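Okay, structure first, notes after.
Both ligands and their constituent atoms are indexed starting at 1 by order of listing. For the numbers below, each heavy atom of this structure counts, side chains included, while hydrogens, waters and symmetry mates do not. Computed from a predicted structure; not experimentally measured.
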Amino acid sequence: MSYFSYQNGNLHAENTPLSTIAQQFGTPTYVYSKAALADHFSAYADACTAGGRDPANTLVCYSVKSNSNLAVLQVLNQLGSGFDIVSGGELLRVLAAGGDPHKVIFSGVGKTRDEMRLALSHDILCFNVESIPELHRLNEVAGEMGKRAAISLRVNPNVDAKTHPYISTGLKDNKFGVAYEDALACYRTAAKLPNIDVTGIDCHIGSQLLDDTPLLEALDKVIELIDQLASEDIHLHHLDIGGGIGITYDDEKPVAVGAYLGRLFARIDAWRNEKYQGVPLKVMFEPGRSIVGNAGILLTEIQYLKYGVSKNFAVVDAAMNDLMRPAMYEAWHGVQTVSQQNPDASSHTYDVVGPICESGDWLARARELAVAEGDLLAFQSAGAYGMTMASNYNTRGRAAEVMVDGDQVHLIRKREEPIALFALESLLP
Ligand code: LLP
């Protein structure tokens with residue numbers, strides 16, 4: 001179901017017209033639907049409890065990097081989500097949103113000592129360790145603090161996720177995780193370190209996966225490792241299969257979350273019954289895009305229409321600094337006019353571009369639109385990796401963010417004032 005739909009010819013977020021939001025908060029503005037967030041999260045939560053599965057044996061850790069606005073984290077926290085973080089900054093966000101640090105897992109290849117200290121001081125659930133040097137550093141830092149660090153090793157199962165090369169992470173030439181062949185040796189090392197508790201295993205093979213076959217392939221490889229570890233008396237308590245389920249941007253048909261989790265649990269249950277007398281293993285997930293991607297749009301206003309020799313351009317007030325995905329991955333985002341029809345405009349093919357001084361500053365190419373200057377456009381599927389990847393390039397303040405809840409609109413991030421962008425800078429004496 002879409003939470004952004006036309007009612008009486010006007011595009012709405014839930015029951016709120018986007019034109020009202022533009023009037024009230026200006027453009028560009030990210031608009032999120034609270035109901036969409038809740039619905040997408042419940043696809044995971046429901047599948048985790050289907051068939052009477054004990055909720056204590058699963059944990060969904062929303063991947064904060066996909067959209068880290070405090071209100072988004074707050075909504076997910078209230079729904080019972082844990083959090084997958086990749087920096088100390090993201091941990092501070094989770095705490096500020098009321099999140100429980102005992103439901104936080106910390107991924108990433110470059111954790112600094114300060115970040116480890118911060119995470120240890122809040123007793124996070126687990127560090128997803130990505131290398132041997134990181135393991136030793138974590139052991140040291142935990143020792144200095146008189147603490148023990150719970151870890152899982154991020155294993156790189158060398159499975160092709162069949163997604164964009166920039167967002168594929170599970171192949172052996174990716175920088176992520178510990179190579180599958182080295183994993184056993186790393187676990188043996190970890191098990192001997194005095195300030196490390198080996199608690200789990202994790203992998204994340206990529207993002208925007210449409211099919212769950214590679215994920216189930218990765219699962220099989222992880223299961224094999226868990227068995228090998230058990231035979232060496234290293235017993236794990238959780239298995240974290242990462243995130244990665246894709247969404248529909250255009251006409252993609254991603255696997256449904258419930259169907260994927262069903263297949264995954266079936267394999268895990270069969271394996272646990274066969275080899276471990278049915279003793280469950282906690283299963284964790286790190287979804288980002290599939291929760292927040294289609295819960296948000298980017299609202300922008302057309303500034304100019306330029307008719308050129310070979311192309312027409314609709315210049316809008318959003319740009320690559322606001323929505324980086326087209327410039328970075330040639331990503332496709334749907335474009336909708338906020339007024340379903342503009343009777344005064346004729347239809348043309350446009351590239352929709354921003355005002356930034358780069359030819360790469362385009363948001364959509366070759367779209368048929370009947371629009372006039374001043375019309376509002378909505379870029380669809382912009383809830384994930386939209387605002388979190390925004391920058392201040394060209395000294396552009398980042399967009400405002402609002403959350404719609406029925407016919408209520410809450411400002412959840414003010415538009416950045418340009419003057420604030422250089423407030424941390426100083427002139428030479
Ligand atoms: N866990 C780990 C360790 C990750 O690296 C990621 C995403 C996730 C979970 C969440 O994956 P998701 O469920 O959202 O697919 N900027 C790119 C996407 C980068 C993904 C990075 N890692 C984009 O805009 O498509």
Where does [X] meet ligand 1, judged by heavy-atom distances below 4.0 Å: at the side chain, the backbone, both, or neither?
| X | value |
| --- | --- |
| Ser63 | side chain |
| Glu286 | both |
| Met328 | neither |
| Asn128 | neither |
| Phe176 | neither |
| Arg289 | both |

[X] neighbourhood, listing ligand 1 atoms whose heavy-atom distance to it stays under 4.0 Å:
| X | result |
| --- | --- |
| Gly288 | 12 (P), 13 (O), 14 (O) |
| Asp84 | 1 (N), 2 (C), 9 (C) |
| Pro287 | 13 (O) |
| Tyr329 | 16 (N), 17 (C), 23 (C), 24 (O), 25 (O) |

Flag this pair as yes if the NZ/CZ of Arg325 is under 6.0 angstrom from the six-membered ring centre of Tyr329 and inside a 45 degree cone about the axis; otherwise no.
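The answer is no; the distance or angle limit is not met.
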Does the Lys NZ or Arg CZ of Lys111 fall within the cation-pi geometry relative to Phe127 - under 6.0 Å from the ring centre and within 45° of the axis?
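Verdict for Phe127: no cation-pi partner in Lys111.
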Between Tyr3 and Asp39, does the side chain to side chain donor-acceptor pair (under 3.5 Å) criterion hold? Intermediate values first, please.
CA-CA 10 Å; Tyr3 299 85; Asp39 248 36; 2.4 Å; yes
Please determine, by modelled atom types, if Arg398 and Tyr30 share a side-chain donor-acceptor pair under 3.5 angstrom.
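Absent: no donor and acceptor within the cut-off.
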Heavy atoms, side chains only, cut-off 4.5 Å: are Ser339 and Asp375 in contact?
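The answer is no; the side chains never approach within 4.5 Å.
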Does the pair Glu14 and Lys34 meet the rule for a salt bridge (charged side-chain N to carboxylate O under 4.0 Å, His left out), with working shown?
CA-CA 9 Å; Glu14 299 188 21; Lys34 188 178 173 208; over 6 Å; no
Report yes or no: does Ala384 have a heavy atom closer than 4.0 Å to ligand 1?
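So Ala384 does not count as touching ligand 1.
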Does Met324 have a non-hydrogen atom less than 4.0 Å from ligand 1?
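Contact check Met324 vs ligand 1: negative.
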Hey, are Arg413 and Glu416 close enough for a salt bridge, meaning a charged N less than 4.0 Å from a carboxylate O?
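Counted as a salt bridge, because a side-chain N and a carboxylate O are separated by less than 4.0 Å.
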Indicate yes or no for a side-chain donor-acceptor contact from Ser68 to the backbone of Lys65 under 3.5 Å, with no hydrogens or angles considered.
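It does not hold such a pair.
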Taking Ala270's backbone N and O only, do any of them form a donor-acceptor pair with Asn273's side chain (distance below 3.5 Å, no angle check)?
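No; judged by distance alone, with no hydrogens or angles, the pair does not exist.
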Sub-3.5 Å N/O-N/O distance, [X] and ligand 1:
| X | result |
| --- | --- |
| Gly242 | no |
| Ser290 | no |
| Gly206 | no |

Taking atom 12 (P) of ligand 1 as the point of reference, which of Cys61, Ser207, Ser66 owns the nearest heavy atom?
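Result: the heavy atom closest to atom 12 (P) of ligand 1 is in Ser207.
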